[in-house]
Amino acid sequence: TLDTVGGFARSVADVALLAAALTGRGELAVMQESAPPRIGFCRTPDWAQAQAETVAALDHACAQLSAAGAKLKDCNLPAPCAALGEVHRTVEYFEIARALQHEYRHHREQMSAGLVTRVQEGLACAGAEYDAAAMHARECRELTDTLFDDVDVLVAPSAIGEAPLGLSSTGKAVFNRTWTLLGLPCITIPCGRGPVGLPVGVQIIGRFRSDKKTLDVAAWIERQIWQAA
């Protein structure tokens with residue numbers, strides 16, 4: 001249930017075109033000119049893990065967007081959302097264990113140690129615990145939806161910093177798990193570079209099932225950030 005279909009492209013417009021082609025919704029590819037939007041700056045409960053380059057990227061983006069006429073305000077997730085990291089873990093590991101039972105039982109020696117640990121933890125999770133986690137996520141989605149009564153999108157970190165060295169990991173997903181669990185549309189736009197020179201981005205999050213509006217606002221944000229680069 002956490003699998004998410006998305007795209008990588010050189011611009012928001014190209015992502016919109018890809019989404020339109022994949023879903024048969026041609027209207028997604030027709031970018032609507034967005035007036036300066038209302039933007040909620042959401043640090044999330046994991047803000048303490050943001051590295052200096054991520055903090056700098058968010059500060060730069062917010063300054064540019066405000067100068068371009070966007071109305072910015074700080075937005076905090078509802079208190080129950082603080083538990084979504086653990087809720088995500090419960091859902092993920094429970095489902096991993098069921099999806100990979102055959103591999104675990106017959107080819108465990110070919111699985112990485114980390115994946116074996118995840119499967120074992122998932123198998124130890126009771127169905128009732130999984131159901132409670134899924135219910136908590138649904139309740140948090142309803143609570144979070146009220147934030148969009150006052151803002152068009154949220155802006156948050158896309159990662160703790162630039163990509164880590166090596167191929168063993170894509171890095172921590174603390175700034176992605178919440179939105180994935182809530183099923184909200186997200187777009188990341190490059191906005192600066194880290195110490196090694198790799199890109200750092202800002203993440204734009206829209207209301208549940210508001211992909212079209214999220215794309216349009218993201219295109220406006222992209223223009224302001226790139227024009228200032």
Side-chain angles (χ1 to χ4, degrees), residues 4 6-20 25-44 46-47 49-77 144-145 147-163 171 174-176 178-180 182 184-229:
T4 303
F8 291 88
R10 60 184 174 182
S11 67
V12 173
D14 283 359
V15 168
L17 179 61
L18 175 62
R25 293 179 169 87
E27 67 275 10
L28 292 176
V30 182
M31 308 305 296
Q32 301 293 323
E33 185 65 29
S34 173
R38 303 168 300 163
I39 298 174
F41 180 21
C42 185
R43 292 174 175 82
T44 83
D46 299 299
W47 178 251
Q49 298 191 52
Q51 296 174 356
E53 60 266 31
T54 287
V55 175
L58 267 294
D59 287 345
H60 171 71
C62 288
Q64 294 298 332
L65 299 177
S66 180
K71 296 180 180 179
L72 271 75
K73 61 177 290 188
D74 286 333
C75 282
N76 296 316
L77 291 173
T144 303
D145 191 71
L147 293 177
F148 296 96
D149 292 340
D150 299 319
V151 299
D152 297 305
V153 296
L154 300 175
V155 167
S158 60
I160 64 169
E162 64 183 354
V174 295
F175 290 120
N176 313 113
T178 292
W179 316 120
T180 299
L182 298 180
L184 303 186
C186 302
I187 302 173
T188 287
I189 295 174
C191 183
R193 294 184 181 276
V196 181
L198 297 176
V200 179
V202 295
Q203 187 171 199
I204 301 156
I205 303 102
R207 196 172 210 156
F208 184 62
R209 295 192 182 281
S210 66
D211 299 57
K212 171 61 176 165
K213 182 176 182 178
T214 305
L215 286 165
D216 290 340
V217 174
W220 184 92
I221 292 175
E222 176 185 56
R223 287 195 297 274
Q224 314 316 313
I225 291 176
W226 287 9
Q227 286 171 5

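Note that this is a predicted model, so its numbers are computed, not measured.
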Evaluate the salt bridge (charged side-chain N to carboxylate O under 4.0 Å, His left out) criterion for residues R38 and D149: first the C-alpha distance (whole Å), next the side-chain angles of each, then the deciding distance (0.1 Å), finally the verdict. CA-CA 10 Å; R38 303 168 300 163; D149 292 340; over 6 Å; no
Distance in Å, [X] [atom1] paired with [Y] [atom2], rounded so as to fall on 0.5 Å steps:
| X | Y | atom1 | atom2 | value |
| --- | --- | --- | --- | --- |
| R207 | L182 | CZ | CG | 13.5 Å |
| H60 | E53 | NE2 | CD | 15.0 Å |
| F148 | L184 | CZ | CG | 5.5 Å |
| I189 | W226 | CD1 | CH2 | 7.5 Å |
| L58 | S158 | CG | OG | 8.0 Å |
| E33 | D216 | CD | CG | 9.0 Å |

Are L65 and W220 packed together at the side-chain level, in the sense that at least one heavy-atom pair is separated by less than 4.5 angstrom?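 Result yes, sub-4.5 Å side-chain heavy-atom pair found.
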Do you know which two heavy atoms are closest between [X] and [Y], and how far apart they sit?
| X | Y | answer |
| --- | --- | --- |
| C75 | G40 | SG-CA, 3.7 Å |
| G7 | L18 | CA-CD2, 3.8 Å |
| L215 | A16 | CD1-CB, 4.0 Å |
| A70 | P36 | N-CB, 3.9 Å |
| L28 | M31 | O-SD, 3.9 Å |
| A57 | V202 | O-CG1, 3.9 Å |

In sequence, state the C-alpha distance, the side-chain angles, and the governing distance for C42 and W179, and then conclude on side chain to side chain contact (heavy atoms under 4.5 Å, CB included). CA-CA 12 Å; C42 185; W179 316 120; 4.1 Å; yes
So, does [X] use its side chain to make a donor-acceptor pair with the main chain of [Y] at under 3.5 Å?
| X | Y | answer |
| --- | --- | --- |
| K213 | V153 | no |
| N176 | A159 | no |
| Q224 | A68 | no |
| E162 | L198 | yes |
| Q203 | F175 | yes |

N-O pairing of K71 and D152 below 4.0 Å: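 Salt bridge between K71 and D152, a charged N being under 4.0 Å from a carboxylate O: no.
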Before giving the answer on side chain to side chain contact (heavy atoms under 4.5 Å, CB included), spell out for R223 and V12 the whole-Å C-alpha distance, their side-chain angles and the decisive distance to 0.1 Å. CA-CA 10 Å; R223 287 195 297 274; V12 173; over 6 Å; no
Go through the steps to decide whether T178 and T44 satisfy the test side chain to side chain contact (heavy atoms under 4.5 Å, CB included), and finish with yes or no. CA-CA 9 Å; T178 292; T44 83; over 6 Å; no
Can you list the steps and then say if I204 with I39 is a side chain to side chain contact (heavy atoms under 4.5 Å, CB included)? CA-CA 9 Å; I204 301 156; I39 298 174; over 6 Å; no
